[in-house]
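Quick note: numbers below take in every heavy atom, side chains included, and nothing from hydrogens, waters or symmetry partners. In the text below, chain A, chain B and the rest are named by the order of the sequence lines, each starting its count at 1.
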Amino acid sequence: MEFIRNFPFFSILLSLGSGVLTSIMNRKVARFWNTFVLLAVTVMSAVLFVYMLGVGEPYTFMMGHFPAPWGNEIRAGVLEAGMALFFCIVMLLSMKGGEEHIDREIEDTKANLYYIMINLLLSSLLALIYTNDLFTAYVFVEINTISACGLIMIRQSGRTIEAATRYMIMSSLGSGLLLMGLCVLYDITGHLLMSNIKQSIAYVYTQGIYNIPLVASIGMICVGLAIKSALYPFHTWLPDAYGYSTVSSAAILSSLVSKGYIFLLIKIFFRVVGFDIIVDSKIVNILFVFGLLGMIMGSVNAIMENDIRRMVAFSSVAQIGYIYMGLGLGTTFGIVASIFHVLSHASTKSLLFVAAAGLTDASGGSKRFEDLTGSGYRNPMAGIAFTMGACSMVGIPLFSGFISKLLFAEAAVQNSLSKMLPTLICLAISTVLNAIYFMKTVIRLYTPKSRNVKKTEAGEAAIVSFREHPLYNFTLILMIALNVLLGCCSQPIADWIISGINMFG
Amino acid sequence: MNYMILLPVVLPVIVGFALLFLHEGVFRDRRGLLKVTGVSFAVSAALALYVISGAAGDRLILFRLVDDIPVYFAVDDLGRLFAGVVVAVFLLAGFFSFVYMSHEKNEKRYYSFYLITFGVLMGLCFAGNLVTLYLFYEFMTLASMPLVIHNGSKEAVMAALKYLFYSFCGAYMALFGIYFLYRYAIVFENPGDALNGTHYYEIAHMMGFVPGGSLDMAAVVESGNATLCLVAVFLMLVGFGVKAGCFPLQAWLPTAHPVAPAPASAFLSGIIVKGGILAIIRTVYYCVGVDFLRGTWVQTVWCILAVITLLMGSSLAFKEKILKKRLAYSTVSNLSYILLGLSMMNAAAFTGSLLHVVFHALIKSGLFLFAGALIFGTGRVKVKEFAGLGKKMPVLFWSYTICSLGLIGIPPTSGVISKWYLAEGCLESGIAGLSWIGPVALLASALLTAGYLLPLAVNGFLKAPLDEEALDKYREPAPCMLVPVVVLAAATLLLGVFPTPLMEFVGGIAAALK
């Protein structure tokens with residue numbers, strides 16, 4: 001069984017290596033290879049996950065058997081393995097759901113570039129999940145940023161290039177802050193390995209000499225990662241980036257890339273600084289406030305939007321707000337709820353993006369609401385999938401969104417009154433706002449009932465038959481199934497999140 | 001028989017979805033579609049009746065949403081009462097729609113959502129804890145929305161959006177309360193409560209419905225959150241009150257109910273709104289417990305809201321010219337009778353409320369079906385346009401007259417009994433001021449009810465029609481439409497003359513709460 005312990009290393013190496021390898025492949029081979037890599041990593045993560053559940057103990061893996069200050073370490077626990085598995089599944093589904101769009105929207109000569117970016121993105125996500133070394137984390141944060149930029153602007157239009165530039169600027173700011181934070185931490189502690197830093201910080205913090213630089217560095221790390229994951233006031237790059245890139249990119253960016261940073265942040269909370277010190281430093285309160293703001297403002301922006309893709313993108317801002325609000329509660333329950341929401345949002349948002357792409361296809365490529373009228377009849381599967389995704393976002397029971405809201409509320413009522421009330425009130429307001437714009441869209445998809453094809457500004461609307469796009473429809477079904485699975489069998493999932501967080505400790 | 005509870009919930013939903021997704025061509029023609037729907041209506045209703053006729057006390061934990069919160073069904077007397085009413089109206093309005101819907105498009109979609117709504121309502125009636133109830137409450141909103149939106153006109157879409165918006169607002173106010181109350185849910189250590197040994201620990205801590213309340217109110221007081229808890233309960237009242245058309249958030253009801261096709265209006269106005277009532281009863285009487293609320297500001301404000309709604313609904317109905325809208329306003333006012341009774345928190349008023357739930361469901365669906373039959377036959381919508389038609393359609397108009405008398409509360413029809421109990425309950429309650437304002441408002445509203453319902457009957461029989469020559473075209477509606485109206489009118493009369501079995505049953509429910 002020792003062999004299984006190599007799997008995290010293998011998955012990172014496989015995806016990183018295939019990034020390089022893809023550059024000499026043509027479109028077809030590159031796509032095939034990408035699918036193979038994703039499947040292989042999924043299987044490896046699944047095996048590792050099952051293995052970790054059985055073992056119940058985290059382990060560290062020394063690369064090349066060099067011990068700490070020289071070598072690099074990977075650490076895997078049940079939460080890491082589960083996250084890797086989940087990210088791979090969502091990525092695979094997003095890739096398959098948007099495959100036709102990739103073929104259509106990306107020039108032939110650039111197709112393999114796209115798959116390079118995807119492979120690199122996968123490797124950086126896996127590295128962020130598994131690494132036990134802060135500097136490695138930083139390196140892969142940068143790889144992640146660059147490949148994400150590539151994903152945004154691979155479909156070349158004025159909007160995407162502008163979006164990618166914005167993203168680059170904001171992200172660089174974020175990485176810069178993160179790097180500065182890490183430098184200060186290194187100064188204080190003299191270590192880069194997470195477990196060592198934690199020991200030193202615990203010692204330094206009780207001494208009380210370096211508390212101001214320590215808090216400053218935690219603050220810089222938090223803000224840096226918050227910018228990169230589009231927490232509310234730093235979200236301006238997001239709607240364009242998600243709204244105009246090709247659909248797989250949008251789905252992957254919104255459901256995985258930002259979540260990778262959040263996972264890193266949670267890891268830093270628990271594995272680097274220590275959760276008690278984080279709570280003690282009051283930084284969580286700031287995250288809490290911005291999280292609440294994001295929940296409301298994201299939805300308000302989404303309501304005013306007249307473009308389905310941008311609306312879904314703004315709804316991401318709101319959902320990221322939820323996650324930070326959970327982190328800001330400053331309890332383990334809040335973190336559990338946040339991690340569950342990471343899963344729930346990832347599965348729902350990718351579903352929504354892919355479904356929205358089907359609906360716009362059935363409306364001549366127009367994303368405006370007027371043109372989408374009745375498109376639920378023109379592309380039935382996409383209509384159903386969008387409705388399901390919308391129900392989950394609104395928080396209808398039996399879908400994943402309801403469970404994450406339930407968990408947030410449970411976490412909130414265990415908190416002090418000053419955090420409980422704002423949380424519950426904002427949850428309620430934000431849910432109503434969600435309901436407004438998602439239900440408005442769903443109604444528009446289905447009224448008036450007509451399969452009539454009309455000409456839109458962007459092109460001729462057409463009826464998309466069920467049999468024409470078997471892969472697309474199959475992907476949608478799998479995504480819905482994933483969502484309902486999260487909504488109905490949440491207890492085992494919450495259990496593994498809790499055990500995973502305990503393994504962090 | 002445990003899994004039998006699930007059948008009337010799941011089967012209509014499955015059949016409904018099957019209908020929705022089957023291609024039109026499968027049924028060859030309209031007759032084929034009607035046969036299939038007719039059979040599914042009958043089967044669904046039969047299954048529901050089977051569960052209702054079984055003894056109370058069946059319970060079933062379906063699966064767990066999260067550890068402590070299962071999706072949990074339990075059959076008790078209150079659920080059986082509501083379910084019985086739902087089945088009756090569902091069948092009658094369903095068969096009525098076989099004729100009525102012939103001049104509407106998209107019949108298949110209508111029947112499928114009608115069936116789904118029925119299944120969801122069964123789930124609502126048999127829900128065993130607050131979260132399950134909430135789950136079906138949300139589904140009820142979603143499943144009934146297509147009924148409102150049915151004709152797809154701009155007006156209908158706006159009405160449906162309004163309906164959704166209000167309902168979701170209300171639902172999330174209620175959800176806020178549920179979140180808050182959740183941590184005070186307690187284990188019941190009462191062996192006589194039929195929680196059998198193996199399930200004993202499983203039903204702990206989940207806000208199950210127990211007569212008299214299932215929350216640990218001592219813990220609430222201890223934690224110093226009593227005020228906040230009252231706020232939470234009040235929000236739940238207002239939130240669930242949205243469905244029941246209670247004052248601050250009632251504006252959706254007169255918009256949404258009339259735009260639906262008439263049988264759907266009957267179902268919405270007769271039954272769906274009762275979902276809100278059921279949720280409030282479950283919250284107040286079966287979860288929080290009346291002892292905690294009696295004498296607090298929540299009770300007072302609740303009474304005042306109910307009285308305001310009651311008078312406002314009647315007055316607006318009195319002013320309204322369009323028949324279906326008038327009936328919708330009348331629903332607002334009548335639901336407030338029920339809410340007023342519930343807010344009194346004593347046995348007599350509670351009995352009156354439950355009786356009025358039954359009577360109003362039957363009467364109001366009768367009235368809406370009558371309106372549907374008239375609109376179907378004549379194409380007219382305003383009240384004064386129906387003058388003189390009574391001579392051509394005597395059976396229909398006589399049924400209407402009986403139903404109206406029931407709603408006003410004139411013996412020997414049923415309405416008088418419920419109002420009697422309501423007034424008695426108000427007087428008994430001893431809340432300063434409101435104990436007599438309540439009965440006065442009831443009386444005033446009864447007068448207004450007479451004012452807005454009776455002229456139609458009187459003019460129908462006595463006044464000269466607007467246009468004599470058109471009159472010859474009109475005759476009694478088809479039996480499929482006439483019979484449901486007559487049956488509902490007969491029920492109004494019969495329940496007024498022989499109310500004892502129903503009253504004993506309702507009295508049993510009320511007594512269990514003590």
Side-chain angles (χ1 to χ4, degrees), chain A residues 336-337 340 373-374 377 380 384 387 390-391 394-399 402-414 417 420-421 423-440 442-444 446-450 466 487-495 498, chain B residues 20-21 62-71 105-106 109 131-139 141-142 145-146 148-154 156-158 160-161 163-184 223-225 228 231-232 235 239:
Chain A
V336 172
F340 190 88
T373 307
Y377 293 104
I384 292 166
T387 312
C391 286
V394 173
I396 303 294
L398 294 191
F399 293 100
F402 176 73
I403 301 292
S404 50
K405 279 174 191 169
L406 198 70
L407 290 176
F408 276 125
E410 263 186 56
V413 290
Q414 284 160 356
L417 206 59
M420 179 185 84
L421 274 187
T423 310
L424 291 184
I425 292 171
C426 283
L427 264 181
I429 295 177
S430 143
T431 318
V432 171
L433 294 177
N434 272 342
I436 293 176
Y437 60 86
F438 272 116
M439 286 301 140
K440 182 187 80 178
V442 169
I443 289 184
R444 186 173 276 285
Y446 287 104
T447 41
K449 178 172 183 175
S450 73
F466 190 78
C488 293
C489 321
S490 53
Q491 194 53 39
I493 298 169
D495 284 343
I498 291 171
Chain B
L20 195 62
F21 290 118
L62 194 57
F63 65 92
R64 287 163 187 285
L65 280 173
V66 289
D67 214 6
D68 292 332
I69 306 182
V71 171
K105 278 182 288 183
N106 301 324
R109 186 180 71 190
V131 173
T132 312
L133 179 98
Y134 176 78
L135 188 149
F136 282 100
Y137 187 81
E138 286 278 32
F139 286 158
T141 308
L142 287 182
M145 189 267 287
V148 175
I149 212 168
H150 185 81
N151 68 17
S153 65
K154 183 143 178 82
V157 174
M158 291 321 286
L161 274 178
Y163 173 52
L164 269 190
F165 177 65
Y166 275 85
S167 298
F168 277 129
C169 268
Y172 289 114
M173 283 162 96
L175 191 60
F176 174 91
I178 297 178
Y179 286 157
F180 183 84
L181 295 181
Y182 171 65
R183 64 169 151 172
Y184 298 113
S223 66
N225 284 340
L228 207 60
V231 174
L235 282 178

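- A:I436 touches chain B through its side chain: at least one heavy atom from C-beta onward sits under 4.5 Å away, while N, CA, C and O do not.
- Contacts of B:F139 with chain A are made by side-chain atoms alone, with heavy-atom separations under 4.5 Å and no backbone atom involved.
- At a 4.5 Å heavy-atom cutoff, the contact between A:I384 and chain B is made by side-chain atoms alone.
- Residue B:L235: no heavy atom, backbone or side chain, is found under 4.5 Å from chain A.
- Remark: B:T132 engages B:N129 in a side chain to side chain donor-acceptor pair (under 3.5 Å) (not counting sequence neighbours).
- One finds the CG atom of B:L175 at 8.5 Å from the CG atom of A:L427 (value rounded to the nearest 0.5 Å).
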Under the side-chain contact (heavy atoms from CB on, under 4.5 Å) rule, what do A:K405 and B:Y179 come out as? Steps first, then yes or no, please.
-> CA-CA 10 Å; A:K405 279 174 191 169; B:Y179 286 157; 3.6 Å; yes

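- Contacts between B:F165 and chain A at a heavy-atom distance below 4.5 Å involve the side chain alone, from C-beta outward.
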Would you please test B:V157 and A:R444 for side-chain contact (heavy atoms from CB on, under 4.5 Å) and show each step?
-> CA-CA 9 Å; B:V157 174; A:R444 186 173 276 285; over 6 Å; no

Steps toward side-chain contact (heavy atoms from CB on, under 4.5 Å) verdict (A:I396, B:F168) = CA-CA 10 Å; A:I396 303 294; B:F168 277 129; 3.9 Å; yes

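- Contact of A:V442 with chain B is not made at all, since no heavy-atom distance falls under 4.5 Å.
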Derivation and outcome, side-chain contact (heavy atoms from CB on, under 4.5 Å), residues B:Y172 and A:I429 | CA-CA 8 Å; B:Y172 289 114; A:I429 295 177; over 6 Å; no

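- For the atom pair CZ of A:F399 and CD of B:E138, the computed distance is 11.5 Å after rounding to the nearest 0.5 Å.
- No part of A:I493 comes within reach of chain B, as not one of its non-hydrogen atoms sits under 4.5 angstrom from that chain.
- Using a 4.5 Å cut-off between heavy atoms, B:M173 makes no contact with chain A at all.
- Interface residue B:L135: backbone and side-chain heavy atoms are both found under 4.5 Å from chain A.
- Scanning both residues, A:M420 and B:L228, for their nearest heavy atoms gives CE-CD2, 3.6 Å.
- When heavy atoms are compared at a cutoff of 4.5 Å, B:L142 approaches chain A solely by way of its side chain, counted from C-beta outward.
- Side chains of B:F176 and A:T431 form no contact here, defined as non-hydrogen atoms less than 4.5 Å apart.
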